[in-house]
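Residue numbers start at 1 and run along the sequence shown. In this text, all values refer to a predicted model and were calculated from it rather than measured experimentally.
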Amino acid sequence: MNYFEFLEKEKNILLNPEQKDAVNFNYGNALVLSTAGSGKTTVIVSRAGRLIYEKICSKKILTITFSKMAAEDMKNRFSLIFDEKYRLKADFSTIHSFLYKIVLDYLKRKNKKITLIDSNYKIIEQILKEQYAKEYFNIVNEDEIENIVSKISFVKNMMISYDETDKHNINIKNFKEIICKYDEYKRKNSLMDFDDILQFGYKLLSQVTYYNDLIKRTYDFIQIDEMQDTSKIQHAIIKSISNNNLFMVGDDDQSIYSFRGSFPEYMLSFDKIYNNGKLFYLRNNYRSDGHIVRTAKKFIENNKSRFNKPIEAKNELKNEVKIVKVPDRAIQCKYIVEDIKNYENKSIGILYRNNISSLMVANILNEKNIDFYIKDDKTKFFKSFVLYDVLSFIKLSLNNKDRESFSKIYYKSYTYFNKEMCNFVLKHKDENLSVFSILKRFPNLEYYMIERIENFKHDISCISALKPNAIIKFIKNDLEYISYLEKLDDDGRNSLPSTLLILEILDEIARYCKNIDEFINKIYSLQDVLNEASKNKSSNITLSSIHSSKGLEYDVVYMIDNIDKEFPMERRNESVEDYLKILEEERRVFYVGLTRAKESLNVIAPYIPSTFVDELIKR
C-alpha cells in the first residue's frame, strides 16, 4: 500500500490535500507556512516517516526544534506511529543540544574542559554591583538583571558587534562594559552559556571542515520546526549544514521572541535566499470556533510585514468574540470570577502579556476559593525591589531604628542622602538612637539637609498612621518614590509601566486589609497561594502569559489587561521605523493569545482600551 494509505488504515492519520502536498516534498528547499491549529507537527512527523517508508532517505533525518519540550513531544509522537527501524533513522533535537555535542567533541580533542552554566544571574549581579558601587549602595534588583541577561542574549543571537549595540535600542547604561566584563569572567573560569554554544558551534561549523562534513555525511535531510523563532545566528548555522536541502515549517504571524533574537524577516525573504524554493500553505484552522478564526485573521492582517496567506476555519461559527470594557483591573477580576461559572468542566485559560498581571486575578480567585493552576510563578513580584522598597518604607515607619530598612530606601525618596550618610547610620555604635537622630550627627551637615531630615522623619512617621489603601499613594507621590522609578527607567534599568503595575497590585491587595499587619501578612500568604497553585496542574483554570501559552489551547480564553500604552507598549525613544517593528510583534503576541481559544474568547480591557481592542472592534 502507498504511504498515505498506510497512515490512514494502519495509524488512523488522515491528512488533507495541503498537508499531503507538503509531506510529499523530497529534495530542495521548502517553506511550509502554517496557520494556528493547522497540524504542522503532524506534517513534520509524517514527512520524516514517508522519507523512510519510501526509502528516499539513505542516511538519517535531523529535525531541529527550539525547545526541549517540543523535541521530546515530536520524538514521542514519531515513536507512537513508527517502529524501531524508523526511529533509528530520525533524530529530534534542540539546536543547542545538537551543537553542544559538536563543541564537547572539539574540546575533548583539544584536551580542554568547559562548564555549561544554566543561569548567569549571579555573575551579572556581581558585575552590576561593582558597576553601580560608585553611584548606589550595591543594590541590584532582579528585574534589571533579567533585562541585561535578555539584552546580552539578543546581541549574541543577532550577531551584533559590541561597538554597534547603541544602534539597536540597547538603552542600558554602560552596556558594552558590562557585556565585556561578563565575557572576560567566563573566559577566566572556563565557562560557557547557551548563547556561547551557538557562537562557538557556528565557528566550528564554519571554520573546521571536519564537522561540517560530518553533519552532511550523517544527515541527508534536515527539517526545522517553528522557523519563525530562529535567530540570525541559528539561521546561519542551519544554512551551513543543510546542503541546500532544507524543509522549514513555521508561521510568521506567531513570531513573538524578538527579545531572544528571533528574526522572522528571514522567512519573509525565503524566495530571495533560496532560489527555486517551494512554498506550501496550511490554511485550515482545526482548533477554533469560526468566529474566533475570522476575528484573528482580520486582526493580524493589520500587520504589513507578513505573508498574505489564506487562513480558514474548519469549525462552525457558534460563539461571537466578546469584547468587555471595564473601569479598572478590580472590576476585570470580578467579571472573570462571575463569568467562569458559565463554563463548568471546560478548560479555561486566563492569558496576559506581562506575568505581573496574574497577581490580581490570583488574589481574587483565592479570595473566592476558586481552584487554579499558574504556569510557573514568573511574576518576580515577591522578589521585586519595588515590593521590598514599599515594605522598607513601612518598616522604617513602624520602627525608626530599623537601619536595614533605611539602607534600602535612603536615596529613593526626595532626600537623596548619599552613601556616606547611609554608612554613617549603619556603623553608628549607639543602637538606641533613631536613624534620623544619627543622620543629624553626620559631620558638616548643611542647614538644608537638617531640614530635609526633619521632613523625611515626619513623612515616614505618617505612614504608620495611614490605612493600608492610602499607603501606596503616599509613598509614590508624597515621598516622591515615583521620581526614583522614572530615573531607573531613563537609565534603562527598569520599565516604568512594570514598576507602576507592582504598586497598583499592592494597592489592590491593601483594599482587602484593615491594618498594616494584615497587609503585610496578606502579601506573604499570597506568595504561598501561588506556590501551591504552580503544583495544581489538574485544575481546569490556568493562568499563563501569552508567551508561555504558545502551542497550547483552551476551551475558553480570557485575555486580560488589554490597556492603552501597556499592550502594545508605549513608544518611547525608538525611531518610527523601530517602533513599527515593535508594534507588529506586539500584534503577533496578541494574535497568539486570540488563537489559543477553541470555543469561547473574551477580550477584557480595563481603563482605556488598547489600540488592539479598537482594531478588533473595527474588524
Side-chain angles (χ1 to χ4, degrees), residues 29 44 48 59-75 89-120 149-150 152-161 179 182-183 186-187 189-250 257 259-263 266-267 273:
N29 299 300
I44 292 172
K59 301 172 188 174
K60 294 180 76 175
I61 302 165
L62 173 63
T63 300
I64 293 177
T65 70
F66 295 90
S67 76
K68 187 175 180 181
M69 187 169 68
E72 286 298 317
D73 176 61
M74 209 168 282
K75 183 178 179 180
K89 299 197 74 172
D91 288 342
F92 299 89
S93 173
T94 65
I95 192 165
H96 290 91
S97 177
F98 167 73
L99 289 172
Y100 190 44
K101 293 174 184 176
I102 295 172
V103 170
L104 284 181
D105 181 80
Y106 175 82
L107 293 172
K108 185 177 179 181
R109 290 169 183 267
K110 295 293 182 180
N111 199 27
K112 295 180 180 179
K113 288 186 177 180
I114 60 104
T115 301
L116 184 63
I117 51 177
D118 290 328
S119 173
N120 50 11
V149 167
S150 176
I152 289 173
S153 184
F154 172 81
V155 164
K156 295 190 174 185
N157 272 273
M158 290 296 286
M159 305 172 83
I160 298 169
S161 74
I179 195 172
Y182 174 55
D183 285 345
K186 287 182 294 179
R187 277 192 295 271
N189 293 278
S190 299
L191 301 173
M192 274 191 183
D193 62 23
F194 286 99
D195 296 320
D196 296 327
I197 295 299
L198 293 177
Q199 288 187 314
F200 195 43
Y202 177 56
K203 185 177 179 180
L204 291 176
L205 290 169
S206 303
Q207 299 179 10
V208 182
T209 307
Y210 167 78
Y211 288 108
N212 202 293
D213 290 345
L214 175 65
I215 300 305
K216 290 174 180 176
R217 288 196 306 271
T218 305
Y219 304 103
D220 49 5
F221 289 91
I222 293 178
Q223 303 187 130
I224 309 296
D225 182 32
E226 302 286 12
M227 193 64 186
Q228 76 278 354
D229 293 334
T230 55
S231 65
K232 268 192 176 180
I233 194 168
Q234 290 168 350
H235 287 306
I237 291 163
I238 291 162
K239 198 169 188 300
S240 72
I241 63 174
S242 66
N243 209 19
N244 213 31
N245 187 27
L246 187 59
F247 186 80
M248 299 166 275
V249 181
Y257 295 110
F259 61 92
R260 294 183 192 166
S262 67
F263 194 63
Y266 190 93
M267 284 181 72
I273 297 170

Would you name the heavy atoms of [X] and [Y] that are closest together and state the gap between them?
| X | Y | result |
| --- | --- | --- |
| I222 | S242 | CD1-CA, 3.9 Å |
| S190 | K113 | CB-O, 3.7 Å |
| F259 | F154 | O-CB, 3.6 Å |
| F92 | A71 | CB-O, 3.9 Å |
| I237 | L198 | CD1-O, 3.7 Å |
| N212 | K216 | OD1-CE, 2.9 Å |

Kindly compute the distance separating [atom1] ([X]) from [atom2] ([Y]), expressed to the nearest 0.5 Å.
| X | Y | atom1 | atom2 | answer |
| --- | --- | --- | --- | --- |
| H235 | M227 | NE2 | CE | 5.0 Å |
| I241 | I95 | CD1 | CD1 | 7.0 Å |
| F194 | S119 | CZ | OG | 10.0 Å |
| L99 | L104 | CG | CG | 11.0 Å |
| T63 | Q223 | OG1 | CD | 4.0 Å |
| Q228 | M267 | CD | CE | 6.0 Å |

How far apart are the C-alpha atoms of Y210 and R109, what are their side-chain angles, what is the distance that settles it, and do they pass the side chain to side chain donor-acceptor pair (under 3.5 Å) test? CA-CA 12 Å; Y210 167 78; R109 290 169 183 267; 3.0 Å; yes

Please assess N29 against N244 for the test side chain to side chain donor-acceptor pair (under 3.5 Å), listing each intermediate value before the final yes or no. CA-CA 6 Å; N29 299 300; N244 213 31; 2.8 Å; yes

Charged N to carboxylate O below 4.0 Å: is that the case for [X] and [Y]?
| X | Y | result |
| --- | --- | --- |
| K68 | D73 | no |
| K156 | D196 | yes |
| D183 | K186 | yes |

A side-chain contact here means heavy atoms from C-beta on lying under 4.5 Å apart; do [X] and [Y] qualify?
| X | Y | result |
| --- | --- | --- |
| Y211 | Y106 | yes |
| M74 | I44 | yes |
| L62 | F98 | yes |
| E226 | T65 | no |
| L205 | I215 | yes |

Is it the case that the side chain of [X] and the backbone of [Y] share a donor-acceptor pair, with hydrogens and angles ignored and the cut-off at 3.5 Å?
| X | Y | value |
| --- | --- | --- |
| N245 | D220 | yes |
| S262 | D229 | no |
| S206 | K203 | no |
| S97 | S93 | no |

Using only heavy-atom distances, determine whether the side chains of N157 and S231 contain a donor-acceptor pair under 3.5 Å.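 Present: a donor and an acceptor within the cut-off.
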
Any side-chain donor paired with an acceptor under 3.5 Å for D195 and S153?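 Yes, because at least one side-chain N or O of D195 sits under 3.5 Å from a partner of the opposite role on S153.
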
Going through the distances and angles, do F200 and I102 end up as a side chain to side chain contact (heavy atoms under 4.5 Å, CB included)? CA-CA 9 Å; F200 195 43; I102 295 172; over 6 Å; no

Kindly determine whether Y266 and I273 satisfy side chain to side chain contact (heavy atoms under 4.5 Å, CB included), including the steps that lead there. CA-CA 8 Å; Y266 190 93; I273 297 170; 3.8 Å; yes

Going through the checks in order, is the side chain to side chain contact (heavy atoms under 4.5 Å, CB included) test met by T115 and M192? CA-CA 6 Å; T115 301; M192 274 191 183; over 6 Å; no

Verify side chain to side chain contact (heavy atoms under 4.5 Å, CB included) between L191 and I114, making sure each step is shown before the conclusion. CA-CA 5 Å; L191 301 173; I114 60 104; over 6 Å; no

Output, in order, the C-alpha distance, side-chain angles, deciding distance and verdict of side chain to side chain donor-acceptor pair (under 3.5 Å) for D91 and Y219. CA-CA 9 Å; D91 288 342; Y219 304 103; 2.7 Å; yes

Quick one: is the NZ or CZ of K232 closer than 6.0 Å to the six-membered ring centre of F263, and within 45° of its axis?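 Positive - K232 is close enough to the ring of F263 and near enough to its axis.
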
